[in-house]
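The block underneath contains the structure these notes are about, expressed in structure tokens.
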Number of protein chains: 2
Amino acid sequence: MSKITITDIANKLNLSTSTVSRALSDHPEVSVRTREIVRKTARELKYRPNIIAQSLQRGQSNIIGVLVPQVRHVFFAEIMAGISDVMEKARYNILICQSNENYENEVRNVETLIQQRIAGLMVSISERTKHFDHFLQVLDNKIPLVFFDRICSVIPASSVSTNDYQAAFDLVQFLVEKGYRRIAHLAGFSNLQIAQQRFLGYKAALEYNKVPFDPELVVENGLNEEDGKVGFLTLYKRCKVKPDAIFAVTDPVAFGAFQEIKKTGLKIPDDIALAGFSNNPTGAMIEPSLTTVNQSAYDIGKVAAELLLDSIKNNKQTIIHKIIPTELIKRQST
Amino acid sequence: MSKITITDIANKLNLSTSTVSRALSDHPEVSVRTREIVRKTARELKYRPNIIAQSLQRGQSNIIGVLVPQVRHVFFAEIMAGISDVMEKARYNILICQSNENYENEVRNVETLIQQRIAGLMVSISERTKHFDHFLQVLDNKIPLVFFDRICSVIPASSVSTNDYQAAFDLVQFLVEKGYRRIAHLAGFSNLQIAQQRFLGYKAALEYNKVPFDPELVVENGLNEEDGKVGFLTLYKRCKVKPDAIFAVTDPVAFGAFQEIKKTGLKIPDDIALAGFSNNPTGAMIEPSLTTVNQSAYDIGKVAAELLLDSIKNNKQTIIHKIIPTELIKRQST
DNA sequence: ACAGTTTTCGGGAACGTTTGCGATGTATAA
DNA sequence: TTATACATCGCAAACGTTCCCGAAAACTGT
């Protein structure tokens with residue numbers, strides 16, 4: 001290991017490590033001439049600051065943790081892109097962890113992130129998380145925390161999300177106006193705030209339009225493509241009077257339903273309409289193209305990252321809840 | 001900051017830090033009784049090992065760097081899932097960086113990863129990378145390195161890739177057998193090995209079948225959706241005799257072309273056939289569904305991660321090049 | 001000339017671990 | 001009894017920084 005340290009530079013120049021350290025960080029208390037010499041030999045020796053040592057001394061790393069259910073999901077990948085762009089500029093690095101929609105994984109990941117002495121944490125909770133004590137640990141350790149999308153209202157922390165209730169309401173309102181009456185809902189588990197809000201928005205829109213709410217038309221399941229497949233099948237099997245439209249809690253769920261609908265031989269939107277949530281790019285390419293709600297995933301990540309940076313720098317406890325505006329995207333599937 | 005350290009435990013129990021440290025790592029030189037007491041009070045005090053201090057002492061962190069062009073691309077997101085699953089089990093954390101298809105970003109990211117004293121590095125190079133000195137720096141610092149997918153044959157390091165030449169050959173062979181004769185190729189930049197190999201496979205398949213190679217039918221461009229759009233348009237504009245099939249270097253490029261083809265009013269596959277590369281899930285949902293080559297992105301990540309772990313643990317210099325098998329997926333678009 | 005100020009630098013502790021080596025105590029064997 | 005072995009633990013250095021504080025050197029004004 002030919003690792004060059006600050007001491008090597010100091011020895012070569014007959015200086016102390018203090019001076020070299022200061023010179024490298026442009027401290028005014030060291031003469032301009034020395035600063036230049038130090039920087040020059042640092043380059044020559046290919047010196048690289050040891051970030052680990054710096055972090056230990058500072059008591060905190062320059063790494064922020066990002067905890068998501070699954071990176072492979074376009075929605076979270078987009079969010080990560082937003083986070084990454086912001087953090088890159090701020091000279092922070094990103095440690096990425098997946099819960100894989102599993103509570104135990106989530107808890108374990110939080111634990112190791114705390115051990116890494118991360119400068120901040122951003123998380124979107126798993127589908128199955130019902131207890132939140134692990135996030136209290138984060139706060140106990142004075143680590144700035146912000147939730148995004150799948151937020152958690154029990155923990156006092158900032159968050160970035162969308163107005164799921166309103167967006168779902170508007171979408172269902174649109175379906176009703178289009179003439180659909182038996183509108184089914186492939187819902188998520190109700191412990192997830194976003195799932196619950198979308199369900200409530202759905203229900204409220206029905207009531208607002210005096211369309212009777214039929215519990216038979218609601219299937220509670222996961223948020224992913226596979227859940228959409230089984231969701232549609234159980235829904236279609238158990239309904240004597242078939243639904244004429246489906247509002248899926250997420251686009252992946254809609255895609256799952258989409259494929260099963262086609263297998264069944266039904267035509268979209270003539271036999272049954274379909275709508276999703278989050279504007280996955282695939283939705284624009286399928287036929288018929290998918291009606292959905294645009295969430296601007298990239299922006300969610302960007303804003304959440306900026307929020308985190310704020311609370312890291314200003315060291316403020318202020319809790320801020322930001323709402324990213326949504327947009328109803330009307331396409332051929334309805 | 002109520003940070004509990006090993007010293008706090010030592011003080012409380014009237015032990016030395018050495019003993020506590022050894023007790024926590026189950027060292028046999030400390031009595032079973034002491035080990036238990038130490039572990040008990042560690043729990044009580046909510047002690048968390050400071051990974052930064054451990055890393056400094058060890059001279060290396062437990063973090064591995066992953067450098068990809070863009071996380072938001074499904075292909076890389078899948079790979080990351082594979083990497084993540086393997087590394088999680090091995091108790092390594094993942095620091096993720098994006099080059100955004102930009103050479104300068106790539107160089108800068110490599111530099112900061114070295115400064116982080118990462119335990120290993122996995123990279124898929126950017127579209128525009130033509131010089132590779134920054135990877136020599138990685139090797140100079142004795143950091144195990146493995147390339148995946150967009151590999152780099154100039155640097156002596158392990159790699160995981162697919163047989164792009166053969167897969168492209170087989171795909172074009174299939175197109176020829178289907179009766180297509182004016183087969184165009186939306187190619188990638190030739191500095192990328194995967195792009196070059198796919199092009200060469202394409203060309204070889206034509207020659208093998210005595211189909212004349214027409215340079216006019218090849219457009220060299222990027223690897224993303226936008227590139228597919230402009231690629232198709234320039235291709236279609238400049239050809240007097242229109243192509244009857246298109247082989248796109250990646251699925252995103254195929255999707256870009258797909259959309260423009262539909263805008264033009266052409267029918268796939270009757271007016272023009274279309275094929276991609278990498279089996280993006282979207283390809284199965286569009287209509288007509290996309291003929292492509294399955295690359296098993298998840299496996300690429302998995303195998304690459306295992307390769308890296310090997311060279312970290314065994315500290316061996318052996319360079320291994322692994323090839324992940326591909327599979328031709330014949331669908332409606334051809 | 002001197003005292004006072006400013007500029008420039010070094011000594012050394014601290015961050016939280018790990019680990020080689022020595023010290024102590026106890027048990028075993030002759 | 002003494003010598004030897006083993007079990008258990010502590011001391012202190014080391015990892016590479018940063019930064020407080022003090023010291024030396026240079027400069028200022030009278």
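A, B, ... follow the sequence lines: proteins, then strands. Residue 1 opens every chain.
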Are the side chains of B:Q54 and B:N62 in touch, meaning some heavy atoms are under 4.5 Å apart?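 No - every pair of side-chain heavy atoms lies 4.5 Å or more apart.
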Hey, are the side chains of A:V32 and A:E36 touching, using non-hydrogen atoms and a 4.5 Å cut-off?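 The answer is yes; the side chains approach within 4.5 Å.
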[X] [atom1] - [N] [atom2] separation (whole Å):
X     : N      : atom1 : atom2 : answer
B:N50 : C:dC15 : CG    : P     : 12 Å
B:L56 : C:dC15 : CG    : P     : 14 Å
B:I52 : C:dT17 : CD1   : P     : 11 Å
A:H27 : C:dT8  : NE2   : P     : 12 Å
A:R58 : D:dT17 : CZ    : C1'   : 10 Å
B:L15 : D:dC11 : CG    : C1'   : 14 Å
A:Q57 : D:dC19 : CD    : P     : 6 Å
B:I51 : C:dT18 : CD1   : P     : 11 Å

May I ask you to verify whether the side chain of A:R22 and the base of C:dG10 hold a donor-acceptor pair under 3.5 Å?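 It does, because a donor-acceptor pair links the side chain of A:R22 to the base of C:dG10 below 3.5 Å.
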Classify the side chain of B:R117 versus the base of D:dG16 as yes if they form a donor-acceptor pair under 3.5 Å and no if they do not.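 Checked by distance alone, the answer is no.
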Would you confirm whether [X], through its side chain, and [Y], through its main-chain N or O, come within 3.5 Å as a donor-acceptor pair?
X      : Y      : result
A:N141 : A:I143 : no
B:T129 : B:Y103 : no
B:R48  : A:Q115 : no

Closest-nucleotide ordering on DNA chain D, the 5'-leading residue of B:S18 and A:E29: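 Going by which nucleotide is closer to the 5' end, it is B:S18.
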Has [X] got a side-chain N or O lying under 4.0 Å from the OP1 or OP2 atom of [N]?
X     : N      : answer
A:Q54 : D:dT18 : yes
A:T17 : D:dT17 : no
A:T34 : C:dC9  : yes
A:T19 : C:dG10 : yes
A:S16 : C:dG10 : yes
A:S21 : D:dT18 : yes

So what does B:D8 touch, heavy atoms closer than 4.0 Å: a base, only the sugar-phosphate, or nothing?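 Nothing, no nucleic acid heavy atom in range.
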